[in-house]
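This report concerns only the one structure given below.
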Amino acid sequence: MGRKKREFPNTYVIIFAIILVCALATWLVPGGEYVKGPGTESVAVQFNEVPAEGQWWSVMEAFYNGFTKQSGIICFILVIGASFWVVNKSRAIDAGIFSFLGMVTRLEKNRALARIGVSNMVIVLIMLMFSLFGAVFGMSEETIAFVVILVPLAVSMGYDSIVGVCMVYVAAHVGFAGAILNPFTIGIAQDLAGLPMFSGIEYRFFCWVVLNVIAIAFVLLYAAKVKRNPQKSPVYETDSYWRGHIQEQGGGVEYYRNRASWVSFAIAAVVVILFTVEYSGQTWLSIGAQKYHTAWLLPAVAVAFIATCVVALRKSVHFYVLSLLGFTIVYLVVGVLGFGWYIGEISALFLSLGILSGIAMGLSGNSIVKELMDGAKDILGAALIVGLAAGIIYILQEGRIIDTMLHSMAGWLEGSGETGALGLMYGIQTLINLVIPSASAKAAITMPIMAPFSDIIGVSRQATVMAFQFGDGFTNMITPTSGVLIAVLGIARIPYGKWFKWVLPFILMLIVVGFLLLVPTIYMQLNGF
């Protein structure tokens with residue numbers, strides 16, 4: 001008998017093993033906690049030693065507690081899965097992909113464009129768009145909704161699911177790391193460091209450009225390799241799900257029109273008009289620290305929505321549902337920038353998309369519910385992984401050792417020179433991000449400690465904020481404690497182990513580049529530093 005081939009551990013196995021290691025650490029690492037200074041409202045914190053609480057049975061409770069802690073993202077995932085199941089049932093996305101691929105084929109007949117590569121242009125433009133979203137308003141959780149669209153598109157173009165994830169998730173998080181106006185990283189960290197909000201934007205914009213050039217080049221090189229030989233993709237076997245779906249639709253789409261789609265449109269139009277009437281005067285787009293009154297925006301979007309849907313309905317139900325999808329994304333962006341929407345409002349938006357798509361297909365109420373339930377069941381695995389991953393943080397918090405780990409890392413800074421101290425700050429922020437993915441929580445804990453220390457060693461507070469910014473951003477794309485990453489991989493059907501192996505060289509390269517971009521903040525006179 002031949003030796004049995006060793007299998008790479010399942011994502012659930014990997015995460016549960018990490019939970020066990022963290023539980024063991026609660027018995028070995030001393031406890032501690034940061035508290036506010038006595039008799040002051042200052043954000044400055046001091047570290048106190050407290051008894052650690054060894055965890056054992058809580059390992060089995062970690063899934064439940066992680067699930068409740070991440071209930072918002074988990075519910076969001078289920079809604080996204082349910083809604084896109086209905087949209088996929090309509091074959092609207094298939095129609096859109098076929099139309100897009102037809103356009104790409106026609107464009108590639110142009111010699112000049114063919115020499116550049118139309119597919120390359122598509123990847124670059126999509127990545128720049130999502131990177132800008134990450135840099136300006138901190139897009140992160142919102143990327144989950146776009147994975148369902150861009151992964152099948154990437155596979156249809158001859159790439160793999162990794163390229164699809166890179167086009168949206170990686171691009172947004174590279175932008176998040178090289179933030180220009182991100183209120184969740186730059187805004188909070190600069191405020192805690194006592195700096196003018198979004199100051200030093202010129203150098204950060206330069207860093208954002210550099211990081212995007214590297215990321216896009218990396219993805220294009222990988223995409224070209226996969227297109228030459230698809231079997232070289234580490235997810236070639238798991239991508240059989242997407243290839244099978246595309247092959248099932250290989251006969252093309254049978255277009256049709258019906259009365260039910262006009263009923264769906266009438267409902268959507270009434271809702272859009274009512275929303276516009278109620279909120280158009282309250283629309284202020286927040287971009288960084290600036291707010292712009294845009295009373296014209298909602299009426300303009302409403303008119304565009306109605307006009308587009310009327311044209312689409314005259315073609316087929318597929319293009320109408322595609323229009324619903326497109327304007328769902330438009331309203332998502334408007335809601336996030338103009339009204340501070342988060343996953344609750346976005347979930348409602350996508351649930352509406354699913355219901356309206358079901359009505360447009362002429363499905364009964366019971367049939368729509370059945371399709372939504374089938375979609376939620378299909379995506380349940382991704383939701384469960386998010387809950388399990390959140391259990392890692394639960395164990396560390398219950399054991400009261402997270403703050404001890406932070407305090408020990410801060411002690412490494414003593415006795416270092418300017419470059420060494422800044423590098424250590426960056427390294428500490430990078431390590432902390434592996435266990436605390438939340439940017440706002442990490443800023444609240446670390447900036448009150450590191451900002452005053454930077455004054456002592458002669459490093460600008462602006463440079464300290466950048467060390468936090470880079471340290472917070474890059475490892476988001478690899479840490480299993482990130483609910484967004486686990487959700488994205490679950491939806492794309494990419495095993496965490498294969499993603500880790502593929503993305504690790506890229507993350508290490510970004511970490512090195514991040515340090516090189518920090519060095520000039522010490523030796524050069526930069527605006528805002």
Side-chain angles (χ1 to χ4, degrees), residues 6-35 45 47-74 77 380-412 427-442 444-446 471-472 475-490 495-501 503-504 507:
R6 294 184 63 183
E7 296 181 354
F8 200 90
N10 184 283
T11 303
Y12 289 96
V13 175
I14 294 172
I15 294 174
F16 191 72
I18 295 172
I19 289 175
L20 291 176
V21 171
C22 291
L24 177 63
T26 63
W27 293 92
L28 303 175
V29 178
E33 63 180 5
Y34 279 109
V35 296
V45 290
F47 178 78
N48 293 333
E49 292 185 3
V50 297
E53 297 183 7
Q55 303 295 299
W56 59 284
W57 180 247
S58 56
V59 166
M60 304 310 297
E61 297 175 349
F63 173 71
Y64 169 79
N65 287 285
F67 203 97
T68 54
K69 183 177 181 180
Q70 292 282 27
S71 57
I73 290 181
I74 290 168
I77 293 168
L380 182 61
L384 293 177
I385 291 173
V386 171
L388 185 61
I392 298 170
I393 304 299
Y394 167 75
I395 292 294
L396 294 174
Q397 288 176 337
E398 289 297 300
R400 307 179 78 178
I401 64 172
I402 278 189
D403 288 353
T404 301
M405 295 162 66
L406 297 178
H407 182 68
S408 299
M409 291 176 182
W412 300 347
I428 288 169
Q429 296 285 9
T430 300
L431 289 173
I432 292 172
N433 198 50
L434 293 173
V435 292
I436 308 179
S438 170
S440 54
K442 192 157 53 269
I445 294 171
T446 63
D472 172 69
T475 47
N476 276 333
M477 294 179 274
I478 200 170
T479 174
T481 60
S482 169
V484 179
L485 170 63
I486 298 301
V488 164
L489 296 182
Y496 176 77
K498 291 187 176 182
W499 172 259
F500 182 92
K501 186 176 180 181
V503 83
L504 181 60
I507 301 299

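These numbers come from the heavy atoms of this one structure, side chains and all, not from hydrogens, waters or symmetry mates.
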message: A quick test of your reading: do over 12 heavy atoms of other residues, nucleotides or ligands sit less than 6.0 Å from CZ of Phe67?
response: yes

message: Looking at every heavy atom in both Val503 and Met477, which two are closest together, and how far apart are they?
response: CG1-O, 3.9 Å

Pairing residues for Ser482 by the side-chain hydrogen bond (donor to acceptor under 3.5 Å, both in side chains) criterion, not counting sequence neighbours: none

Tell me which donor-acceptor pairs under 3.5 Å the side chains of residues 13-30 have, and how far apart each pair is, sequence neighbours excluded?
residue: Thr26; atom: OG1; partner: Ala23; partner atom: O; Å: 2.5
residue: Thr26; atom: OG1; partner: Gln55; partner atom: N; Å: 2.9
residue: Trp27; atom: NE1; partner: Gln55; partner atom: O; Å: 3.0

statement: Closest heavy-atom pair, Leu485 versus Thr479, reported as atoms and distance to 0.1 Å, is CD2-O, 3.4 Å

task: Could you tell me the separation between the NZ atom of Lys69 and the CD1 atom of Ile74, rounded to the nearest 0.5 Å?
output: 12.0 Å

statement: For Thr68 and Ser71 the tightest heavy-atom approach is O-OG, 3.1 Å

statement: In short, Ala62 meets Tyr394 closest at the heavy-atom pair CA-CD2, 3.8 Å

field: Glu49, CD: over 12 other non-hydrogen atoms inside 6.0 angstrom
entry: no

- request: Ignoring hydrogens and angles, tell me if any N or O in the side chain of Trp499 forms a donor-acceptor pair with the backbone of Ile486 under 3.5 Å.
  value: no

statement: Applying side chain to side chain contact (heavy atoms under 4.5 Å, CB included) to Glu33 and not counting sequence neighbours gives Val35, Val50, Arg400, Asp403

